[in-house]
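Working notes, structure below.
Ligands are counted one by one from 1 in listed order, and the atoms in each one are counted from 1 as well.
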Amino acid sequence: MRNWQELEHKYFMNTVERVPVTLVKGQGARVWDENGREYLDFVGGWAVNSLGHCHPVVTDAVVEQARTLIQTSNQFYTIPQVRLAEILVQNSCLDKVFFCNSGTEANEGAVKLARRYGQRYLGGAYEIITAMGSFHGRTLAMVAATAQTKLQKPYAPLPTGFKNVEYNNVEAIKAATTKQTCAVMLEPVQGEGGVNIPGDNYLAEVRAWCDQKGILFILDEIQTGAGRTGTLFAYEQYDIEPDIMTLAKGLASGISIGAFLAKDKASVFTPGEHGSTFGGNPLACAAGYATIKFIVDNDIAGNAMRVGQYLVTGLEGLKQKFRFITDVRGCGLLVALEFGSDIAGSLVTACLDKGLLVNRVKPNALRFMPPLIIGRDEVDEATGILDGVLSGIAG
Ligand SMILES: Cc1ncc(COP(=O)(O)O)c(C=O)c1O
């Protein structure tokens, strides 16, 4: 058998510290490595495999679409694109959609849209306020939006027009707002920052401030959308409506896609002002439509809410047992377990050894983002493995 990991070191750019396992197959919440070893997958393609690996509705939609029409130019109308746009609009507070291929592109598009709005209605205002600890993507502008010095420093100078302020602090947003501000952009729950849950009134107060100032509120639901947090979109739980919302990750359950949606009033592009060669291609949109339809028809978000609460309860139990666990927090099936010291890396390795895939979101925190279709049995299995691994550490 070829040594795929060695070959990766030879041929692939050194951009990621991979977990030493080569995955070859997935089904539901399980994946298998090249030696046939099975793992319970609580990484879920990094919050992407919303319906699990190779769910039949997604696989069938992709196979059928691949046999029919994979890609056309956006000069032409295609049916899967319209169907996906329709189901997203019908199930959200937004009116219009643009499709692209990834999360960072969706945010780029949202920022361009907000700047266009600023030019049209706010005297040329172009600045976007974002929060510390956020993650909005890897393109240069989204690195500028992402308020993490370690991601920004290697790429200076960054595009201007972004102000990074403290998360969960509406006064910081107010203080940063000037005549040049056209929008505030936040994740409703910060995913990469460590699953940071907003304070009770934070998002509502930001919404009120944006209304007062006539500026746009952009929600980056790339990680939280498509049912992940227990409702189809996280904003539903905070009694607010964004003017612009971005999606990617779980939208097509594993096929690459991104989208930004806007209220009619913010939907200000005119032909030629934005575009994408692959964005909205029939293949990705067929997968997206199959995914969202299945989530909506089968209350998969409700399952994420219930099973997520069950997972949090299980982890709370571990917190009682192991004093070095300092926090459990989550929303639906986006959950973090935090420790008093930087043991998350060694826990990822120990869990892998026991057949459980988890993510080290911070040196001292694990994150769980399993497929939204899991049940209590899988949660019991995962918490059981964690219990054993943590007992080993507790000595
Ligand atoms: C909230 C959020 N926004 C944007 C992105 C970037 O998405 P992508 O990696 O698809 O460009 C991510 C990825 O983790 C994310 O979690």
Side-chain angles (χ1 to χ4, degrees), residues 13 15-18 43-50 98-114 128-148 150-152 155 162 164 167-168 183-198 203 217-229 233-235 238 242 244-261 276 278-281 284 287-288 291 330-336 358-362 365-370 372:
M13 285 197 196
T15 57
V16 60
E17 278 174 35
R18 297 189 202 256
V43 177
W46 216 283
V48 164
N49 300 114
S50 33
F98 181 91
F99 291 118
C100 49
N101 311 285
S102 68
T104 197
E105 259 184 272
N107 284 337
E108 287 273 345
V111 164
K112 283 174 74 178
L113 189 61
I128 314 270
I129 299 172
T130 64
M132 313 261 191
S134 63
F135 185 82
H136 296 296
R138 300 282 190 169
T139 51
L140 278 176
M142 286 312 109
V143 168
T146 294
Q148 293 187 42
K150 72 170 191 293
L151 299 181
Q152 294 185 337
Y155 304 108
F162 296 93
N164 310 143
Y167 178 63
N168 250 336
V184 175
M185 179 161 85
L186 299 173
E187 295 160 80
V189 174
Q190 290 188 332
E192 300 307 302
V195 188
N196 303 322
I197 312 284
L203 295 174
F217 192 8
I218 305 171
L219 278 185
D220 175 344
E221 293 237 19
I222 283 160
Q223 187 153 154
T224 55
R228 171 67 44 193
T229 64
F233 307 109
Y235 74 76
Y238 297 97
I244 301 176
M245 173 173 75
T246 58
L247 300 173
K249 288 196 181 282
L251 178 54
S253 203
I255 303 293
S256 68
I257 190 168
F260 57 97
L261 291 82
S276 167
F278 290 114
N281 68 77
T291 300
C331 196
L333 280 169
L334 183 58
V335 177
V358 293
N359 166 245
R360 184 202 75 134
V361 70
K362 296 202 298 190
L366 292 177
R367 177 175 43 167
F368 311 103
M369 355 169 222
L372 309 180

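Expressed to the nearest 0.5 Å, how far NE2 of His136 lies from OG1 of Thr130 amounts to 5.0 Å. One finds the OG1 atom of Thr291 at 8.5 Å from the CD1 atom of Ile257 (value rounded to the nearest 0.5 Å).
Crowding of Arg18 atom CZ: a count of heavy atoms from other residues, nucleotides or ligands under 6.0 Å exceeding 12.
The contact set between ligand 1 and Phe135, taken as ligand atoms under 4.0 Å from a residue heavy atom, comprises 1 (C), 2 (C), 3 (N), 4 (C), 5 (C), 6 (C), 12 (C), 13 (C), 14 (O), 15 (C).
Contacts with ligand 1 closer than 4.0 Å are made by no heavy atom of Thr246, backbone or side chain. Residue-level proximity to ligand 1 for His136 is carried by the backbone, the only part with a heavy atom below 4.0 angstrom. When heavy-atom distances to ligand 1 are checked against a 4.0 Å cut-off, Glu105 has no atom that comes that close, whether in backbone or side chain. Only the side chain of Lys249 comes within contact range of ligand 1, with a heavy atom under 4.0 Å; no backbone atom does.
Residue contacts with ligand 1: Thr104 is placed with a nitrogen or oxygen under 3.5 Å of a nitrogen or oxygen of the ligand (distance criterion only). The shortest N or O to N or O distance between Ile222 and ligand 1 is not under 3.5 Å.
Taking every heavy atom of both residues into account, Gln190 and Met132 meet most closely at NE2-O, 3.0 Å.
Within a 4.0 Å radius of atom 16 (O) of ligand 1, the protein contributes at least one heavy atom.
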